[in-house]
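In what follows, a single structure is set out as structure tokens and then discussed.
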There are 2 protein chains.
Amino acid sequence: MKIHKGHHGNCCCGKIRGFGRRITPARHAVLDALSTRGEHLTAEDVFKASSRRYPNIGLATVYRTLELFTKLGMVSKFDTGDDKARYEFADGPHAKGHHHHLVCTSCRRIVDYTDFIKEEMDLLHKTEEGLSKKYGFKINSHVMQFYGLCRDCAR
Amino acid sequence: MKIHKGHHGNCCCGKIRGFGRRITPARHAVLDALSTRGEHLTAEDVFKASSRRYPNIGLATVYRTLELFTKLGMVSKFDTGDDKARYEFADGPHAKGHHHHLVCTSCRRIVDYTDFIKEEMDLLHKTEEGLSKKYGFKINSHVMQFYGLCRDCAR
DNA sequence: CATATAATTGAGAATAATTCTCAATTATGT
DNA sequence: ACATAATTGAGAATTATTCTCAATTATATG
Ligand SMILES: [Zn+2]
Ligand SMILES: [Zn+2]
Ligand SMILES: [Zn+2]
Ligand SMILES: [Zn+2]
């Protein structure tokens, strides 16, 4: 079986196997879809893209796979106010590609941004620490998103 | 018509009227539900609560009303990862009661917190300004949420 | 390699939150 | 009180997601 060229050139199979889960063509197809089709993909997007490489894949499998990858921390699932979940490869809070989203509430455009990420991270760390202590939560992730109108929609 | 005792003792009717929309018993019932039944309410929660005061209200009306109030900025709609939208009175980014959420991914408990809000606000302002300039977005709102395990679920 | 076993799959049905439709009702300005 | 447009309730429709289940397949083991 061909080695999957993962998100950052690494193979994700180890992570999957490490969890006692199997490597399958369907999962490979989803991985490929995520790495080649960009970000902010709906399940339907991923389904279409994976179907190209693996025409028999079922939509339910795509959902199951995305759920699995999300649980493994390889994928981040978020929503932007329409009623579809979005998926993209997760660059964890500490990784290089970590970014947040700017969403146009009119045309649904999504802009990734990394500006201020450093400051955000500092604050997020501080907050996580403080909240963990105060409320006894073990914090695993966060969502930070801005909503507004893009240039085109604003006028 | 009796004056509605709003969120902070003010009447919200002005805002509704100001938008050319009408004051109706259904809308009053939803306002009351939101102010007396607390926060993080699902549409179903709001429906049940409003039904007490106004038994004939329909679920679709509740949805329409919540959508209207959200558009008017009186209500904030958010989701916490299950597939139900949550609604609560909006204390705008600058208002006293503005808070963020800590969500337990296991039992779905939601904790409001206001700690670090000051610092968050400073950063958010800075970010909003920066992003507005750079991407031409007119930013109206943000979501900031932490996910993790509450004390009970963590052990 | 062949075999055994449990994980995974595809297809379609089922679910559930939300939106839509439409005739009937009602709030509001005059 | 009247005219008019907004709003409503009820139920049907929609749609993203999950579930079911028999068939297939990945992997470990010898
Ligand atoms: Zn736009
Ligand atoms: Zn992104
Ligand atoms: Zn919990
Ligand atoms: Zn809250």
Side-chain angles (χ1 to χ4, degrees), chain A residues 1-4 11-31 33 40-48 50-51 53-72 75 77-87 108, chain B residues 1-4 11-31 33 40-48 50-51 53-72 75 77-87 108:
Chain A
M1 172 167 298
K2 125 175 177 311
I3 299 284
H4 168 71
C11 182
C12 309
C13 302
K15 192 150 208 170
I16 299 173
R17 281 225 177 75
F19 233 70
R21 314 302 297 270
R22 295 177 176 177
I23 305 295
T24 68
R27 287 174 182 165
H28 256 163
V30 169
L31 282 174
H40 322 144
L41 302 176
T42 62
E44 193 68 33
D45 293 336
V46 175
F47 175 59
K48 280 192 201 125
S50 339
S51 297
R53 285 173 192 259
Y54 183 47
N56 267 10
I57 195 169
L59 181 55
T61 300
V62 170
Y63 273 103
R64 283 183 294 231
T65 304
L66 290 170
E67 185 190 17
L68 171 66
F69 289 174
T70 302
K71 200 173 304 180
L72 298 190
V75 159
K77 175 183 181 180
F78 59 100
D79 94 303
T80 62
D82 55 4
D83 286 307
K84 295 168 210 163
R86 307 270 168 171
Y87 301 87
R108 294 282 146 205
Chain B
M1 172 169 296
K2 125 176 177 313
I3 300 284
H4 169 70
C11 183
C12 308
C13 302
K15 191 149 210 170
I16 299 173
R17 281 226 177 75
F19 232 70
R21 314 303 297 271
R22 296 177 175 175
I23 305 294
T24 68
R27 286 173 183 167
H28 256 164
V30 169
L31 282 174
H40 322 141
L41 302 177
T42 63
E44 193 67 33
D45 292 336
V46 175
F47 175 59
K48 279 192 201 127
S50 338
S51 296
R53 285 174 192 259
Y54 183 45
N56 269 9
I57 196 168
L59 181 55
T61 299
V62 169
Y63 273 104
R64 283 183 295 232
T65 305
L66 289 170
E67 185 190 18
L68 171 65
F69 289 175
T70 302
K71 199 173 305 176
L72 297 191
V75 160
K77 174 184 182 179
F78 60 99
D79 94 302
T80 61
D82 55 5
D83 286 307
K84 294 168 211 164
R86 307 269 167 172
Y87 302 87
R108 294 282 147 206

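Chain naming here is simple, since letters A, B, ... match the order of the sequence lines and numbering starts at 1 in each.
In this structure, CG of A:Asp83 is placed 14 Å from C1' of C:dC20, rounded to the nearest angstrom. For the pair B:Ile57 CD1 and D:dG11 C1', the interatomic distance rounds to 17 Å; values are reported in whole Å. D:dC19 atom P lies 14 Å from atom CG of A:Leu59, rounded to whole Å. As rounded to whole Å, 15 Å separates atom P of C:dA17 from atom CG of B:Leu66. Whole-Å rounding puts the A:Lys71 NZ to C:dT8 P distance at 11 Å. Summarising the geometry, the separation between CZ on B:Phe47 and P on C:dA17 is reported as 13 Å, rounded to the nearest angstrom. As rounded to whole Å, 13 Å separates atom P of C:dT18 from atom CG of A:Asp82.
The phosphate of D:dT7 has neither OP1 nor OP2 within less than 4.0 Å of any side-chain N or O from B:Thr24. Applying the 4.0 Å criterion to OP1 and OP2 of D:dG9, one finds that B:Thr61 has a side-chain N or O inside that range. A sub-4.0 Å separation between OP1 or OP2 of D:dT8 and a side-chain N or O of B:Arg27 is present. Taking side-chain N and O atoms only, B:Arg21 has no distance below 4.0 Å to OP1 or OP2 of D:dA6. Contact check, B:Tyr63 against C:dT19: no side-chain N or O comes under 4.0 Å of OP1 or OP2. Proximity of B:Arg22 to the phosphate of C:dT26: no side-chain N or O atom is located under 4.0 Å from OP1 or OP2.
Residue B:Tyr54 is in sugar-phosphate contact alone, with no base atom involved, counting any heavy-atom pair closer than 4.0 Å across all strands shown. Within the 4.0 angstrom heavy-atom criterion, only backbone atoms of the sugar-phosphate kind lie near B:Ala26; the bases stay farther away.
Remark on DNA chain C: of its neighbouring residues A:Ala60 and B:Glu44, the 5'-side contact belongs to A:Ala60, judged by nearest-heavy-atom nucleotide. Along DNA chain D, the nucleotide nearest to A:Arg64 and the one nearest to A:Thr42 differ in position, and the one closer to the 5' end is contacted by A:Thr42.
Checking C:dT28, D:dG9, D:dT17 against the side-chain heavy atoms of B:Ile23 singles out C:dT28 as nearest. In this structure, the nucleotide among D:dT17, C:dG10, C:dA27 sitting nearest to the side chain of B:Pro25 is C:dA27.
Counting all heavy atoms, side chain and backbone alike, A:Ala43 lies closest to A:Leu59 at O-CD1, 4.4 Å. Looking at every heavy atom in both residues, A:Lys77 comes nearest to A:Ala85 through CE-CB, 3.7 Å. In terms of heavy atoms, A:Ile57 sits closest to A:Phe47 at O-CE1, 3.2 Å.
Put simply, CG on A:Leu41 and CG on A:Leu66 are 9.0 Å apart, with the number rounded to the nearest 0.5 Å.
Residues A:Lys15 and A:Phe69 fail the side-chain proximity criterion, which asks for heavy atoms closer than 4.5 Å.
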